[in-house]
*Asks:* 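Have a look at the structure that comes next, please.
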Amino acid sequence: MLLPQLPEDVLYHILSYLDYKSLSRLSQVCKTMYHFVNRDAVWRRIAKDFLNTGITRNGTDIYPHIPLKERVKIAQNWHDGVCKRVIPLKWKTKLLPWLQLDGDVLFLSQAADIGVYHLRKDYGRLQRHPLKIYSGHKGDVCRFVLTDSHLISGGSDGKILVHSRRSDMSLELSGHNQEVNCLDSKEDLIISGSRDQTARIWTFASSCRRGTIPMYDRVWSVGISPALSSFVTGTACCENFDPLRIWDVERLECVCSLGSEFRRGAGVLDMVFESPFQLLTCGYDTFIRLWDLRLSPRKCVMEWEEPHDSALYCIQTDGNHMIASGSSYYGVVRLWDKRQTKSLQFFQLSLDPVSSPVYCLRFSSSHLYAALATALHSLDFRHTPIHSR
């Protein structure tokens, strides 16, 4: 009996023992094997072991519209650092930009406005002019987040604006006394943190805030748990309070603090929930830390140190093995494999004489976008390496 004549379940079992290169070679044998091997089900096990294929730790597929075989091929470039560098957007004045990705649409804050740009499918570059501009702040936009229906922004004017993505309607919340350093929103909940040393809780149902929590320190980052029952605040660690604290959403009371022996000034600048129990944080003390909220809150389960002793301004994760981080000097972006202790790849994006932090980064299955003081940088990992003979 020939291989293509075997029952599909038997063939799936046989192919599960093959690696990436062997599957690619097998697909070239004949048309029947080509069409069978190209099925996502064949590549799913391999994809879960690669970086940024869109298959998360719990098995969710983030990019179901892209064939898994293609994503595994691009994942090899992420691992090897093979990419094409492009600067799709520049500006003259130094800013503190922030960005978000939603499919093939990129949102970028510049001063008091947030521009919406369509990403061209051929190169992943931006169209020259924004499709739409969100405005309303009297000062610079410090942070903004996206939901399916809204864009929520916080500014240096202390305001929080809730823009509808489906109409021109917007709502102004009574914000903070000083700049809004951080925001997060999930379902009906909005959490904000400010330089005025408070965290505030809002709901879409009402323009009045649900509560205010005195933090007694500047709030640099917030994150709402996917379970919606709690949220985490990260502060500047300049007072005698733990910089990482978990709060109950209903009671607005501190549940516990994370970590111990944070040195003074080791503020937490960014955080990302990977699941209701797993939280990644980074900040001024140069470490990325993974916390498992089911275990002892006093010690993280894993940590990775920035080798050049730079503060880490931002992080992003693929929900599985990869972390991308942005450093405070020379626009340095690093890729990390959680299964290793040292960084996997290093990209220095700032070539100007004056150094710039990476204020924010986001990535898709094929591109990484990083916002620096005077430019938006793009790394295209679909680039095919040229092998010299």
*Asks:* How about Glu239: does its CD atom have over 12 heavy atoms from other parts shown lying under 6.0 Å from it?
*Replies:*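 Yes, CD of Glu239 has more than 12 neighbouring heavy atoms, counting only those of other groups under 6.0 Å.
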
*Asks:* Just by modelled atom types, is the Gln100 backbone N or O under 3.5 Å from a matching donor or acceptor in the Arg362 side chain?
*Replies:*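 No, the answer is negative, given that no donor and acceptor are paired below the 3.5 Å cut-off.
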
*Asks:* Give the C-alpha distance, both sets of side-chain angles, the deciding distance and a yes or no for side chain to side chain contact (heavy atoms under 4.5 Å, CB included) between Val232 and Arg245.
*Replies:* CA-CA 6 Å; Val232 181; Arg245 284 176 278 177; over 6 Å; no

*Asks:* Could Asp61 and Arg71 be called an ion pair, given the rule that one side-chain N must be under 4.0 Å from one carboxylate O?
*Replies:*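 Result for this pair is yes, salt bridge flagged.
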
*Asks:* Measure the CH2-CD distance between Trp91 and Gln110 for me, rounded to the nearest 0.5 Å.
*Replies:*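 It comes to 5.0 Å.
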
*Asks:* Would Trp78 and Phe363 count as a ring-ring contact (aromatic ring centres under 6.0 Å, His included) here? Give the steps.
*Replies:* CA-CA 11 Å; Trp78 284 90; Phe363 57 78; 5.8 Å; yes

*Asks:* For Asn58, is the CG atom crowded, meaning more than 12 foreign heavy atoms sit under 6.0 Å from it?
*Replies:*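 More than 12 heavy atoms, drawn from other residues, nucleotides or ligands, come within 6.0 Å of this atom.
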
*Asks:* Give, for atom NE2 of His367 and atom CG of Asp380, the distance between the pair rounded to the nearest 0.5 Å.
*Replies:*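 Answer rounded to 0.5 Å: 3.5 Å.
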
*Asks:* Do Thr198 and Val219 pass the side chain to side chain contact (heavy atoms under 4.5 Å, CB included) test, and can you show the C-alpha distance, the side-chain angles, and the key distance before you say yes or no?
*Replies:* CA-CA 7 Å; Thr198 65; Val219 186; over 6 Å; no

*Asks:* Is Ile62 linked to Ile74 within one hydrophobic cluster, defined over Ile, Leu, Val, Met, Phe, Trp and Tyr using a side-chain heavy-atom separation of less than 4.5 Å?
*Replies:*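 Looking at the clustering, Ile74 is in a separate group from Ile62.
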
*Asks:* Would you call the rings of Phe107 and Phe144 parallel, tilted or perpendicular, where under 30° means parallel and over 60° means perpendicular?
*Replies:*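 Rings of Phe107 and Phe144: tilted, 30 to 60°.
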
*Asks:* So Phe346 and His308, would you call those rings parallel, tilted or perpendicular, with 30° and 60° as cut-offs?
*Replies:*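 Perpendicular.
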
*Asks:* Going hydrophobic residue to hydrophobic residue with side-chain gaps under 4.5 angstrom, can you get from Met271 over to Leu258?
*Replies:*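 Same cluster.
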
*Asks:* Quick check: do Leu344 and His79 have side-chain heavy atoms less than 4.5 Å from each other?
*Replies:*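 Yes, at least one pair of side-chain atoms sits under 4.5 Å.
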
*Asks:* Below 4.5 Å, heavy atoms only, C-beta onward: do Trp202 and Leu173 meet side chain to side chain?
*Replies:*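 Touching, per the 4.5 Å side-chain cut-off.
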
*Asks:* Evaluate whether atom OH of Tyr329 has more than 12 neighbouring non-hydrogen atoms of other residues, nucleotides or ligands under 6.0 angstrom away.
*Replies:*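 No, the 6.0 Å shell around OH holds no more than 12 heavy atoms from other groups.
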
*Asks:* Which word best sums up how the rings of Tyr284 and Trp220 line up, parallel for under 30°, tilted for 30 to 60°, or perpendicular for over 60°?
*Replies:*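 Perpendicular.
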
*Asks:* With a 6.0 Å cut-off (strictly less than), is the heavy-atom count around NZ of Lys299, excluding the residue itself, greater than 12?
*Replies:*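 Not buried by this count: 12 neighbours or fewer within 6.0 Å.
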
*Asks:* Is the shortest distance from a Lys or Arg side-chain nitrogen in Arg165 or Asp102 to a carboxylate oxygen in the other one below 4.0 Å?
*Replies:*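 Asp102 and Arg165: salt-bridged.
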
*Asks:* Using the rule that Ile, Leu, Val, Met, Phe, Trp and Tyr join whenever any side-chain heavy atoms are under 4.5 Å apart, tell me whether Val255 and Trp247 fall into a single cluster.
*Replies:*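 Different clusters.
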
*Asks:* Going from CG on Leu106 to OH on Tyr117, what distance comes out if it is rounded to the nearest 0.5 angstrom?
*Replies:*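 So the gap between those two atoms works out to 9.0 Å.
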
*Asks:* Tyr63 vs His65 aromatic rings, parallel, tilted or perpendicular, using cut-offs 30° and 60°?
*Replies:*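 Perpendicular.
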
*Asks:* Report the residue from Thr56, Leu279, Ile323, Thr317 that forms a side chain to side chain contact (heavy atoms under 4.5 Å, CB included) with Glu274.
*Replies:*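 Going through Thr56, Leu279, Ile323, Thr317 one by one, the side chain to side chain contact (heavy atoms under 4.5 Å, CB included) with Glu274 is satisfied by Thr317 alone.
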
*Asks:* Can you name the nearest heavy-atom pair linking Leu361 to Ala324, along with the distance?
*Replies:*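 Heavy-atom minimum between the residues: CD1-CB, 3.8 Å.
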
*Asks:* Between His150 and Phe204, is a ring-ring contact (aromatic ring centres under 6.0 Å, His included) present by the stated rule, with each step listed?
*Replies:* CA-CA 10 Å; His150 293 86; Phe204 284 108; 4.8 Å; yes

*Asks:* Which is it for Ser194 and Glu179 under the side-chain hydrogen bond (donor to acceptor under 3.5 Å, both in side chains) test, yes or no, and what are the steps along the way?
*Replies:* CA-CA 6 Å; Ser194 169; Glu179 66 187 60; over 6 Å; no

